[in-house]
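Each remark here refers to the structure printed beneath this line.
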Amino acid sequence: MKEKGRILTGHRPTGPRHIGHLIGTLRNWVRLQEEYECFFLIADLHVLTTDYAHADWIRSSTLEVLADWLACGIDPQKSTLILQSALPQHTQLAVLLANLVTVSRLERIPTYKEQIKNLGLQPSLGLLSYPVLQAADILLYKANAVPVGEDQLPHIELTREIARRFNQTFQPTFPEPEALLSENPRLPGIDNRTMHTSYGNAIFLGDTPEDTTEKVMSMYTDPTRLRATDPGHVEGNPVFAYMDAFNPDLAELEDLKARYRVGKIGDVTMKHRLADVVNAALAPIRARRAELIRRPEELEEILLAGTQRARTVAQATLEEVQVRMGLGLGSGPISKGRKPAESSVPLMGTFC
Ligand code: TRP
């Protein structure tokens, strides 16, 4: 039997998941579980890089993210769910890999530059080394593929560079992981900007049907359309982006688009129909989520069981890396090796 490839991916626990996560990533992850051996990481250490002083919020977000993942169909029987901070191997590997990367390489990563602009703060060492920790997350499990959004591509590229550099310097150890980009288009927020928790334009998986309807009724539509009888634009209209994502009735979908284009259906009617479609699609997810969130101890147990399973893989990789780098005890007398007169390994340069 052909061995399945291995995936590692994750989210930072920055609050409950919204429909953008469902359409953009979670539906895809649920499918990938059938084809790959999947490790799904709750990257709570990464949250600290921008917000380290809200302990209660990190903890509650962790459970909410987990409940949302499970409610969407991430299956702890098929996949391994990991809490990053519970496995010190993530941090340990990151510390080792940090030596293979220059500061200037990290300073040029676009997400870092953006964060500095957004935060209006002096960047911390933690923020600068964010992508090194992410590389450790991926390499610790020797993942072959990493499903991520486009914004994460520079981090995957760095991970590949680190893997290559490690393999060349020591012995072939890590696969160079491929980014897997989702084919689903990104779902816009209700105001047609990028959907983002902090923009107040998201519909959360845990929102009530009433909240959802209210949000849908306030959605941005085609601004060129002044009357219900004006011809409307379907492309670039978030109401139709949502309809495409959530309405399984393709014949109805085509009919609504055709009528909208010729001014035979008003925005208010469209939004009422959309609210029903979205609420119907979310109903089973919400029911499972409510059930899960009621039992936080069970959620913790699921995370603990996955993290235990991951520990075996993580520890094996970490030990292998330590031995190859000449670290740790237990792999031969420490006096055996001699430092060469001159370092044979260039310390910097390749990625400068
Ligand atoms: N940086 C990712 C994000 O913000 C989260 C993340 C942390 C991640 N570690 C990872 C994603 C490893 C993929 C693989 O979305």
Side-chain angles (χ1 to χ4, degrees), residues 5-10 37 39 41 43-46 48-49 80 82-109 112 124-146 154-179 307-352:
R6 190 177 277 176
I7 273 180
L8 181 128
T9 187
E37 182 190 4
F39 290 79
L41 179 75
D44 54 351
L45 293 172
H46 276 113
L48 303 179
T49 63
T80 304
I82 315 166
L83 182 63
Q84 187 188 33
S85 63
L87 288 185
Q89 290 83 353
H90 286 258
T91 333
Q92 285 175 291
L93 185 60
V95 166
L96 301 181
L97 299 180
N99 300 292
L100 282 70
V101 187
T102 63
V103 170
S104 66
R105 174 70 179 85
L106 293 173
E107 282 171 341
R108 283 199 304 272
I109 291 185
Y112 175 71
S124 67
L125 177 57
L127 186 67
L128 180 67
S129 61
Y130 181 118
V132 180
L133 179 58
Q134 185 165 350
D137 296 337
I138 298 166
L139 298 178
L140 202 48
Y141 301 94
K142 301 190 179 181
N144 310 103
V146 189
H155 297 172
I156 309 305
E157 192 45 47
L158 181 81
T159 305
R160 292 166 61 85
E161 284 176 18
I162 292 176
R164 218 175 297 145
R165 187 150 174 82
F166 188 96
N167 292 345
Q168 280 166 4
T169 308
F170 305 100
Q171 290 167 48
T173 306
F174 298 117
E176 277 180 43
E178 309 270 354
T307 303
Q308 297 285 26
R309 199 154 8 121
R311 186 190 306 275
T312 315
V313 182
Q315 185 57 27
T317 306
L318 184 67
E319 281 175 21
E320 191 182 359
V321 167
Q322 283 202 319
V323 169
R324 292 188 174 167
M325 294 184 89
L327 305 169
L329 287 168
S331 51
I334 39 179
S335 58
K336 217 169 77 181
R338 277 254 163 66
K339 189 177 186 293
E342 228 171 274
S343 174
S344 56
V345 182
L347 287 177
M348 305 238 174
T350 331
F351 329 137
C352 294

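Positions are given from 1 along the sequence.
- Interatomic distance, Arg6 CZ to Thr80 OG1, rounded to the nearest 0.5 Å: 8.5 Å.
- Going from atom CG of Leu139 over to atom CG of Leu318 covers 12.0 Å, rounded to the nearest 0.5 Å.
- Take Ser129 and apply the side-chain hydrogen bond (donor to acceptor under 3.5 Å, both in side chains) test, not counting sequence neighbours, and it matches no residue.
- The two residues Ala143 and Pro175 make their nearest non-hydrogen contact at O-CG, 4.0 Å.
- Judged as a side-chain hydrogen bond (donor to acceptor under 3.5 Å, both in side chains), and not counting sequence neighbours, the contacts of Tyr141 are His90.
- Across all non-hydrogen atoms, the minimal contact from Thr307 to Ala86 is CG2-CB, 3.9 Å.
- Among all heavy-atom pairs drawn from Leu140 and Ala314, the shortest one is CD1-O, 3.5 Å.
- Glu176 meets the salt bridge (Lys or Arg N to Asp or Glu O under 4.0 Å) test with Arg160, Arg164; sequence neighbours excluded.
- Atoms CZ and CD, on Phe39 and Glu37 in that order, are 4.5 Å from each other to the nearest 0.5 Å.
- Looking at heavy atoms from C-beta onward, Asn144 lies out of side-chain contact with Pro177 at the 4.5 angstrom threshold.
- Using a distance-only test at 3.5 Å, with no hydrogens or angles considered, no donor-acceptor pair links the side chain of Thr159 to the main chain of Glu157.
- Listed by chain and number, the residues in a salt bridge (Lys or Arg N to Asp or Glu O under 4.0 Å) with Arg311 amount to none (sequence neighbours excluded).
- Qualifying ring pair (Phe, Tyr, Trp, His ring centres under 6.0 Å) partners for Phe174, counting only residues two or more places apart in sequence or in other chains: Phe166.
- Residue Asp137 holds its CG atom at 4.5 Å from CD of Gln84, rounded to the nearest 0.5 Å.
- Remark: Glu320 pairs with Lys142, Arg324 by the salt bridge (Lys or Arg N to Asp or Glu O under 4.0 Å) rule, at least two apart or across chains.
- Distance CG/Leu96 to CE/Met325: 5.5 Å, rounded to 0.5 Å.
- Remark: Leu45 CG to Ser85 OG distance equals 5.5 Å, nearest 0.5 Å.
- When every heavy atom of Ile109 is checked against every heavy atom of Pro131, the shortest pair comes out as CD1-CG, 3.8 Å.
- Val146 and Leu8 make their closest contact through CG1-O, 3.2 Å (heavy atoms, listed as atom of the first residue, atom of the second, distance).
- A side chain to side chain contact (heavy atoms under 4.5 Å, CB included) with Leu97 is found for exactly one of Val95, Val101, Leu93, namely Leu93.
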- In sequence, state the C-alpha distance, the side-chain angles, and the governing distance for Leu106 and Val132, and then conclude on side-chain contact (heavy atoms from CB on, under 4.5 Å). CA-CA 9 Å; Leu106 293 173; Val132 180; 3.9 Å; yes

